[in-house]
Structure formats: C-alpha cells, structure tokens
Amino acid sequence: MASHPSSASAFLLLSLSALFVISPAYSLTCTSQSFTNNAVYKQCLDLPRLSSYLHWTYDQSNSSLSIAFIAPPPKSDGWIAWAINPTGTGMKGAQTLLAFKSDGDAMTVKTYNIEEIGPITESKISFEVWDLSAESDGGVMRLFAKVKVPGNAQTVNQVWQVGPSITAGLPNQHELQTANLNAKSTLSLVGEQMASPSGGDSRTKMKNIHGILNVVSWGILFPIGAIVARYMRTFESADPAWFYLHVLCQVSAYAIGVAGWGIGLKLGSESEGIQFTNHRNIGIALFCLATVQLFALFLRPKKDHKYRLYWNIYHHAVGYTILVLGILNIFKGYDILQPAKRWKSAYIIVIIVLGAIAFLLEAITWIVVLKRNSSNSTKR
C-alpha cells in the first residue's frame, strides 16, 4: 500500500521540478550571457520588462557608452529597439536604435528620431553613434552600438521595445500591453544602478511571484490531486492513502493559490487605470469555488449515506470546473505578464505530460474495473 503514495509523491516532485528545470528563464541571467564577437562589458542589467538585458561599458574619458541590448522579438521576423531619450522618459523624443532582419537572416540596424507617436521613418538621431551591428540566434536578437553621450551625464533615460514585424523596411507597431508601455527606466552611468523608476523592479518581482504561485497551485497541484483521486482509488491497496494524498495536494494548492490570489489583488489595487477584467474575474471565481470545495470536505457524507451520490456529483463538478478555469487563467496570465516564451512552453509541456499520464491511467483503470466486474459476475 505504501508504494502507491510513494510513487505519486515522487511524480509530484518531478512535475514541480520540471517547471523550473525545463524553463531556461531560470538559468538564463544577465551574467551568464556571452557574445559571438567575444565582446566584454563592465556592467549588465536584467531589465524589468520584455525579458530583456543590457550590457554596457561607460568610458568617461570620451563620454562614450558601449552597449549590447538583448531581447526576444514576438516573432522571428520581428524587431528589437533600444533608445536614449534626452527630453523625457517615454517614447516621444527617443533617439532610437532598431535592429531587424533585412534580407533573409541578415541583420541590420537603423536609427530613428521619434518626434511624434505614430508611424516612424528612418532618420538621424541627436547622438553620435558608431559600430552598429546586430545578430540573431535561438529566438533572441542582440543589438550592439557605441553612443556618444553628454560629457557631464550621470544618468540617461533609456527606453527599449520589441515588435512583431517589418513592412517595406519599416517597423510595424508594437503591442500596447503593460510590459510594452512600461519598458523604460533610468540607467545610471556611474554609481548605483536604477533598474526602473518608482520601484518597478519590486513590482516585477511581485508579478513573477504571483505567476509562479498560481502556476504551481491551480496549474499543477490541483490537476495532480484530481489525478490521484480519480485513479489511485481504483486500487484497493491504495485505500485510504489515496484520500490523504488527494487532500494534501488540494489543501496545499489552495493555500498557495490563495497567496498568489492575494498578491494579484494587491497588484491590481496598485495599478490604477490598468485592468485585466477577465483574468481578475476568473481569479475571484477560482477563490470562491475552491473555498466552497474545501469547506465541503467537512460535510462529506459516509459512503452508504443516501446523500453521498449528490455530494459526489457536486464535488466532481466543482472540482473539474476549478481545474479548467485554473489552467485557462494561467494562460491569460502569461498573455498579460508576457515572460520569455520558454516559460509558457515549459508549462505546456507539464500539462501535456499530466494529460498523457491521465490518459494512460484512464485506460488502466477501465481494464482493472472491467476485469473486477467480470470476476465478480463469474463468482455469482
């Protein structure tokens, strides 16, 4: 009997680990990156938006800034851009370097002085730039440049962006998601670095924590708990171990999910004017359904009780609703947060693995049940 819970526990640990091991987002950091041209930069920064990175060296002797900007475009034929804005903190006024594939896989870099919000055309910028180049590899683009900045500058306002495509040599509009609109920060050329204004980096960490907690709870633990309840109880030797393992998974998922839900409420209250209505409403529905489901455990009738059938119908219906809504809301969260594509791919792999295991166990369960019914009929 102990072998079944042990196997399920090992599978639980394996599934949780897969989310982190499969996704290179945990292993790819600013300091782990290198370049094919063997360029070396004194400083690097994990930018708080669009899964981007900036490597740079500031030479005070000639007021030059050598940069390598790295970001994944939304599509393989998209574009990436990095800019300095001498007059503000946003796009308007940004002196922009933009890299894209111009002919096949050949990369090119063009400059744009963004005087107004709207369609842009190639133009000179107010800073002297040289050694412009770019490369693309593994779904990531890298932009290299040297920029002349004002001699007395201690900081510069940087803006970065990614876009989906190029038409007739001109970049098409990027998305207007929160991550795109907030892709800006103050870069300190000397002294302590400021990743983003107004505590943006801490908000990014909160969003990441919110996402991780919800993926682990609604997206992994709840499905595993459902699999345990549906298939382990088929084996008589697993009773009552399957029940306690099921309860452990679901209660743990509820606790972690409520923590993620609370962080989501806090993020929403601090984001005036930015609302993700569907994501929020599904999150609230999940919390309510899971709370009712948890307390219904204390009203669970005995197996021979006349109301046990109705309780089972209710319990299964609410449970599968939570399962579907949880996975759906996780993908909505991915669309909002827009992390590296590897995060989403890693979770899809986990869901496929869980689905394949459930499909296999479904077949085994039917075989066991049919053999058992046939054996009971023969005995009669």
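Of the N and O atoms on the side chains of N172 and S165, at least one donor lies less than 3.5 Å from an acceptor on the other residue. Residues H315 and Q293 have side chains that bring a donor and an acceptor to within less than 3.5 angstrom of each other. Between the side chains of H316 and N312, not a single donor N or O lies within less than 3.5 Å of an accepting N or O.
A donor-acceptor pair is defined here as one N or O able to donate and one able to accept, closer than 3.5 Å; no such pair exists between the side chain of E175 and the backbone of N180. Of the possible polar contacts, none joining the H174 side chain to the V162 backbone as a donor-acceptor pair under 3.5 Å is found. Formation of a donor-acceptor pair under 3.5 Å by the W218 side chain with backbone atoms of G283 is not found in this model. Here the side chain of Q95 pairs no donor or acceptor atom with the backbone of F127 at under 3.5 angstrom. In this structure, T365 contributes its side chain and A363 its backbone to no donor-acceptor pair below 3.5 Å. For the pair R308 (side chain) and P301 (backbone), a donor-acceptor distance under 3.5 Å is present. At distances below 3.5 Å, at least one donor-acceptor pair connects side-chain atoms of S123 with backbone N or O atoms of N113. Remark: side-chain polar atoms of D59 are not paired, donor with acceptor, to backbone N or O of S64 under 3.5 angstrom. No side-chain donor-acceptor contact under 3.5 Å links K101 to the backbone of S136.
L297 CG to H246 NE2: the interatomic distance, rounded to the nearest 0.5 Å, is 8.0 Å. To the nearest 0.5 Å, atoms CG (L143) and CG (L97) are separated by 6.0 Å. S188 contributes atom OG, which lies 10.5 Å from atom OH of Y58 (distance to the nearest 0.5 angstrom). Between the CD atom in Q158 and the CG atom in L45 there is a gap of 7.0 Å [rounded to 0.5 Å]. Taken to the nearest 0.5 Å, the CZ atom of R280 stands 9.5 Å off from the CG atom of L265. Expressed to the nearest 0.5 Å, how far CD1 of I227 lies from CE of M232 amounts to 12.0 Å.
Connection of I351 to L213 is established within a shared hydrophobic cluster, with ILVMFWY side chains joined at heavy-atom distances below 4.5 Å, either directly or through further cluster members. Both V251 and L245 belong to a common hydrophobic cluster when Ile, Leu, Val, Met, Phe, Trp and Tyr are linked at side-chain heavy-atom distances under 4.5 angstrom. Hydrophobic cluster membership differs between V129 and V159, with clusters built from Ile, Leu, Val, Met, Phe, Trp and Tyr side chains linked at under 4.5 angstrom. Tracing side-chain contacts under 4.5 Å through hydrophobic residues (I, L, V, M, F, W, Y), one reaches V247 starting from I224; they form part of the same cluster.
Counting non-hydrogen atoms of other residues, nucleotides and ligands closer than 6.0 Å to CD of E122 gives a total above 12. For NZ of K148, the number of neighbouring non-hydrogen atoms (other residues, nucleotides, ligands) closer than 6.0 Å is greater than 12.
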Take Y254 and T291 through the side chain to side chain donor-acceptor pair (under 3.5 Å) test and state the conclusion after the steps. CA-CA 8 Å; Y254 178 78; T291 300; 2.8 Å; yes

Using the ring-ring contact (aromatic ring centres under 6.0 Å, His included) rule, take F287 and W261 through it: C-alpha gap first, then chi angles, then the decisive distance, then the call. CA-CA 8 Å; F287 170 75; W261 180 71; 4.0 Å; yes

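The two residues P223 and L354 have their closest heavy-atom pair at CB-CD1, 4.1 Å. Between P72 and S51, the shortest heavy-atom distance links the atoms CD-O, 3.4 Å.
The pair D131-K146 meets the salt-bridge criterion, since a charged nitrogen lies less than 4.0 angstrom from a carboxylate oxygen.
At least one side-chain heavy atom of L50 sits less than 4.5 Å from a side-chain heavy atom of Q161. The shortest side-chain heavy-atom distance between Y53 and F69 does not fall under the 4.5 Å cut-off. Considering only heavy atoms from C-beta on, Y347 comes within 4.5 Å of F331 through its side chain. Looking only at side-chain heavy atoms (C-beta outward), L187 and T155 stay at 4.5 Å or farther from each other. The shortest side-chain heavy-atom distance between T57 and I67 does not fall under the 4.5 Å cut-off.
The only member of V147, I84, N85 that meets side-chain contact (heavy atoms from CB on, under 4.5 Å) when paired with V156 is I84.
Residue I367 is found outside any hydrophobic cluster, as its side-chain heavy atoms come under 4.5 Å of no other Ile, Leu, Val, Met, Phe, Trp or Tyr.
Using cut-offs of 30° and 60° on the angle between ring planes, the pair W311 and Y314 is perpendicular. Taking the six-membered ring for Trp and thresholds of 30 and 60 degrees, H279 and H210 have ring planes more than 60 degrees apart, a perpendicular arrangement.
Judged as a salt bridge (Lys or Arg N to Asp or Glu O under 4.0 Å), the pairs with a partner in residues 345-368 (not counting sequence neighbours) are, in order, R230-E362.
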